[in-house]
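Notes follow the structure.
As the structure is a computational prediction, the values presented were derived from the model and not from experiment.
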Amino acid sequence: MSLLLWWSLYYPVSISPLTEATSTQPACSPQGAFELPGFSAQGDFLMGGIFPLHYRVELPGTDYTHQPLAALCQGAFRWAQTMRLAVEEINQSEQLLPNHTLGYKIFDSCATPVTALRAVLAVLNGHSEEQSPMCSGASPCSMFFQISYFSTCSCLSDRQEYPTFFRVVPNDDYQVKAIASLLQRFGWKWIGVIREDHDYGHFALQGLKREIQNTDVCLAYDEMIPKDYSRERVLQILEVMRHSTARVVIVFSGEGELYPFLKEFVKQNITGTQWVASEAWVTANVLAETYPFLDGTIGFAIRSGKVPGLRDYLQTVNPRRYPSNPLVQQLWEALYGCSPSLSPSSTLMPPCSGQETLLEQHSAYMNTSSPRVAYNVYKAVYAIAHSLHNLLHCQAGAGPFHNRSCAHSTNVHPWQVCVNDLLKSMLKGFYKLVVSVCSASCAPGSRKAVRRGEPLCCFDCVPCDSGKISNQTDSIDCHECPEDYWSNADGTMCIPKVVEFLSHDAMGIALTVIAVVGACLTVSILAVFLHHRTTPIVRVNNSELSFFILLSLTLCFLCALMFIGEPTSWSCMLRHTAFSITFSLCISCILGKTLVVLAAFTAARPGNNIMKWLGPKQQRVIIFSCTLVQVLICAAWLMASPPYPSKNIQDQRSKIILECSVGSQLAFWCVLGYIGLLACLCFILAFLARKLPGNFNEAKFITFSMLIFCAVWISFIPAYVSSPGKYTVAVEIFAILASSFGLLFCLFAPKCYIILLKPEKNTKQHIMGKK
């Protein structure tokens with residue numbers, strides 16, 4: 001027997017080959033009985049296998065005042081039987097390791113570090129008190145390689161620290177990447193983590209944190225199942241789970257460590273949990289059958305395979321065939337609840353023959369339809385066998401060692417056996433989607449606002465400001481719409497801004513009707529005056545001026561129509577110039593009439609011949625001159641900086657207001673100022689002539705008309721400045737119409753009243769105040 005291979009199949013440990021030492025070393029003295037039941041078989045090459053034959057572990061209390069008691073283990077050993085099956089197949093093969101046999105020693109790790117370490121020492125040194133050189137200080141124990149079928153901890157991937165460690169299972173770096181992708185795929189952004197207090201749990205958590213660092217997944221809590229089981233500590237963990245809003249819980253733990261935790265979990269009546277399992281327990285049939293609340297658990301399992309003949313081999317194991325093996329006796333007690341007749345261990349159980357047939361209901365032991373861990377065990381044994389086969393059939397001068405040498409066929413060293421990592425994991429689980437978030441996703445139209453002092457997954461949803469949108473869920477920021485666009489009511493998309501101008505809508509039609517009515521009324525009064533042009537009330541004070549005033553008022557009413565409709569280059573220039581010139585013409589005519597009234601009564605004094613300077617020709621010159629000044633101002637305005645159509649997006653950001661920009665502000669206010677100057681001059685002159693004699697003193701009506709005119713345009717200025725959008729134009733039209741109606745009614749209503757309703761007063765004597 002030239003080679004001993006140690007195969008540790010406890011989770012964080014592995015398989016190792018050992019050679020017998022050639023020198024005599026001082027004997028080791030064991031400090032206590034190992035009491036590690038297992039299986040063994042002799043062979044040319046001996047492999048050691050360490051399996052968690054028992055994994056439902058209850059660790060006794062340790063106060064370090066007495067020798068620690070052994071762990072109370074309960075469980076099964078299908079994986080160990082797979083190793084035995086593989087060894088027997090290889091020994092019977094004529095193609096693999098011909099003329100050589102493999103042996104094995106199988107011990108129980110009990111899924112605990114302390115028991116596993118005792119098993120390792122038992123494999124290396126034996127568990128008898130006879131001399132064994134393998135644990136001596138000078139022995140190169142570190143050169144015995146290990147192959148693990150279940151050790152996924154990424155910490156073991158460091159080739160410098162663990163040069164002799166190999167495995168046939170992927171490390172946890174792949175698993176945590178897959179879990180991080182799974183969380184994002186299902187939208188689980190608020191998670192909790194439960195892990196065992198070993199390197200497996202520590203490094204898995206580190207890897208998961210690394211993978212979710214730049215994602216929107218946050219860790220609500222991270223709790224650790226203690227190495228030494230403590231019900232008080234487990235209850236604390238369960239309270240954290242109960243009060244947390246995280247509904248998804250990821251568990252990095254072995255089956256043995258998790259079993260007592262789940263046992264307490266059942267008692268606490270915590271519901272609504274979506275479990276995400278690590279590969280260490282996601283396919284554990286015993287847990288699934290014992291705890292129905294695990295239905296729906298999702299996780300990544302080790303890839304399954306086929307182990308030919310495993311089911312038949314398991315059925316050959318019974319107490320009759322292995323009468324002295326306590327593991328087989330315990331298996332029978334666990335499966336049937338009875339004590340085999342040859343077993344003196346359980347006197348409290350009813351006796352049975354030990355030849356009972358294994359049934360389908362024993363699925364935890366007999367389910368070989370898709371073995372996963374057992375398949376890794378099977379492959380690991382064959383990997384070692386193939387490595388040994390290659391070493392033993394090496395051709396001289398073509399070997400893999402120094403100077404292309406080969407291993408000595410009768411003295412193969414453990415470090416000369418080399419294997420590679422194999423297998424990948426695949427998805428396994430039920431599709432049962434739950435919601436696990438700290439804050440509900442922000443719908444389109446809002447953005448995330450992180451809460452101060454809380455994880456990034458905890459946030460408030462703030463609606464986007466007007467003019468900004470977010471068209472994706474959980475947007476970090478809202479994007480501003482282009483200049484000609486605005487956000488819709490939901491803030492999810494940019495839509496073209498509403499183009500606003502004073503169109504022929506309800507308001508536009510109303511103003512149009514009023515302007516047309518005013519123009520028609522003015523034309524009607526003009527027709528009345530033309531019809532009664534020979535009467536004293538029409539002839540008095542120059543009827544020609546009255547006709548000019550009525551004509552200009554008609555144009556004032558009609559120019560208001562140019563302000564309605566979409567602004568164009570021509571309409572913008574015409575509306576302002578037409579308005580200013582027509583009103584200047586109207587006020588100039590009224591100014592001429594006022595001067596005539598004032599001069600007529602002044603001329604009645606002896607020696608006063610002022611009327612010769614205010615004849616019809618002079619009146620026309622006054623009107624023409626006053627109007628010409630406004631025409632020149634408008635001409636200069638149009639040549640220097642004429643009005644033009646523009647888009648106003650400043651006053652109301654949600655709309656595009658089409659308006660006529662005045663171009664030159666100075667010219668615009670000069671036009672209004674000149675009209676105001678003429679109106680003030682008319683008002684002053686009419687006010688001076690208000691007490692002149694006569695029943696029909698026209699100066700009084702001119703005074704009232706100018707008072708109304710000035711009041712309208714003075715109030716127009718603040719209203720014009722403060723009105724938004726199309727209402728600015730509406731205010732301007734209203735001022736034109738109001739002032740036009742004021743002039744029309746104040747100047748011509750009294751005359752029309754006498755002409756149409758009181759014709760007896762339409763005499764020269766009545767007008768002059770003579771009876």
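- The aromatic rings of F293 and W275 lie tilted to each other, with the angle between the two planes from 30° to 60°.
- Atom SG of C218 is separated from atom NZ of K209 by 12.0 Å, given to the nearest 0.5 angstrom.
- Between Q160 and P163, the shortest heavy-atom distance links the atoms O-CD, 3.7 Å.
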How far apart are the C-alpha atoms of F300 and V282, what are their side-chain angles, what is the distance that settles it, and do they pass the side-chain contact (heavy atoms from CB on, under 4.5 Å) test?
CA-CA 7 Å; F300 291 86; V282 68; over 6 Å; no
Would T273 and F265 count as a side-chain contact (heavy atoms from CB on, under 4.5 Å) if you check the C-alpha gap in whole Å, the side-chain angles of each, and the deciding distance to 0.1 Å?
CA-CA 11 Å; T273 300; F265 181 87; 4.2 Å; yes
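- For the atom pair I250 CD1 and I298 CD1, the distance stands at 11.0 Å (nearest 0.5 Å).
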Could you go step by step and tell me if R118 and F107 meet the side-chain contact (heavy atoms from CB on, under 4.5 Å) rule?
CA-CA 9 Å; R118 296 173 65 186; F107 290 92; over 6 Å; no
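- For the side-chain contact (heavy atoms from CB on, under 4.5 Å) with L156, the lone residue among F165, Y200, F166, F203 that qualifies is F165.
- The side-chain heavy atoms of Q268 and M241, taken from C-beta on, include no pair separated by under 4.5 Å.
- The shortest distance between side-chain heavy atoms of Y375 and R303 does not fall below 4.5 Å.
- In terms of modelled atom types and a separation under 3.5 Å, the side chain of N91 and the main chain of T101 share no donor-acceptor contact.
- Not a single donor-acceptor pair under 3.5 Å links the side chain of T283 to the backbone N or O of E279.
- Using a 4.5 Å cut-off on side-chain heavy atoms (C-beta onward), Y221 and V249 make contact.
- In this structure a side-chain-to-backbone donor-acceptor pair under 3.5 Å is missing from R242 to I270.
- When all heavy atoms of K448 and C442 are compared, the closest pair comes out as CG-SG, 3.7 Å.
- Between the side chain of E223 and the main chain of V234, no donor-acceptor pair closer than 3.5 Å is present.
- With a 6.0 Å radius and a threshold of 12 heavy atoms from other residues, nucleotides or ligands, Q236 has its CD atom above the threshold.
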Test side-chain hydrogen bond (donor to acceptor under 3.5 Å, both in side chains) on T152 and D172 and set out the steps.
CA-CA 5 Å; T152 59; D172 282 331; 2.9 Å; yes
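- Note that CG of L97 is 8.5 Å distant from NE2 of H386, once rounded to the nearest 0.5 Å.
- L235 CG: more than 12 foreign heavy atoms inside a 6.0 Å radius.
- Rounded to the nearest 0.5 Å, atoms CG (D44) and CG (L388) are 10.5 Å apart.
- In this structure, the side chains of Y378 and P308 come closer than 4.5 Å at one or more pairs of heavy atoms.
- Distance check: L182 CG to Q175 CD gives 11.0 Å after rounding to the nearest 0.5 Å.
- Between H393 and H389 the shortest heavy-atom distance is ND1-O, 2.9 Å.
- Between Y382 and E89, the closest heavy-atom pair is OH-OE1, 2.8 Å.
- Annotation: salt bridge (charged side-chain N to carboxylate O under 4.0 Å, His left out) contacts of E88 (sequence neighbours excluded): none.
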For a side-chain hydrogen bond (donor to acceptor under 3.5 Å, both in side chains) check, start with the C-alpha distance between Q81 and R78, then their side-chain angles and the critical distance, and finish with the verdict.
CA-CA 5 Å; Q81 301 305 314; R78 183 176 58 186; over 6 Å; no
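- Legend: residues meeting side-chain hydrogen bond (donor to acceptor under 3.5 Å, both in side chains) with K177, ordered by chain and number and at least two apart, are E211.
- By the 4.5 Å heavy-atom criterion applied to side chains, F150 and N376 are not counted as neighbours.
- Counting only heavy atoms from C-beta outward, the side chains of S157 and R167 approach each other to under 4.5 Å.
- Taking the six-membered ring for Trp and thresholds of 30 and 60 degrees, F45 and H100 have ring planes inclined between 30 and 60 degrees apart.
- Of the possible polar contacts, none joining the E264 side chain to the R231 backbone as a donor-acceptor pair under 3.5 Å is found.
- Residues V87 and L102 come closest through the heavy atom pair CG1-O, 3.5 Å.
- Residues V328 and F39 are in side-chain contact: their nearest non-hydrogen atoms beyond the backbone lie under 4.5 Å apart.
- S436 places a side-chain N or O within donor-acceptor distance of the main-chain N or O of W190, the cut-off being under 3.5 Å.
- Across all non-hydrogen atoms, the minimal contact from D216 to C457 is O-SG, 2.9 Å.
- Without hydrogens or angle criteria, S278 side chain to V251 main chain gives a donor-acceptor distance under 3.5 Å.
- Between the side chains of Q213 and R210, not a single donor N or O lies within less than 3.5 Å of an accepting N or O.
- A heavy-atom distance below 4.5 Å is not found between the side chains of Q274 and F186.
- Checking side-chain atoms of D108 against main-chain N and O of P52 turns up no donor-acceptor pair under 3.5 Å.
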Would S441 and K189 count as a side-chain contact (heavy atoms from CB on, under 4.5 Å) here? Give the steps.
CA-CA 10 Å; S441 295; K189 302 176 182 179; 3.6 Å; yes
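- Atom-to-atom distance recorded for W281:CH2 and L262:CG is 6.5 Å, nearest 0.5 angstrom.
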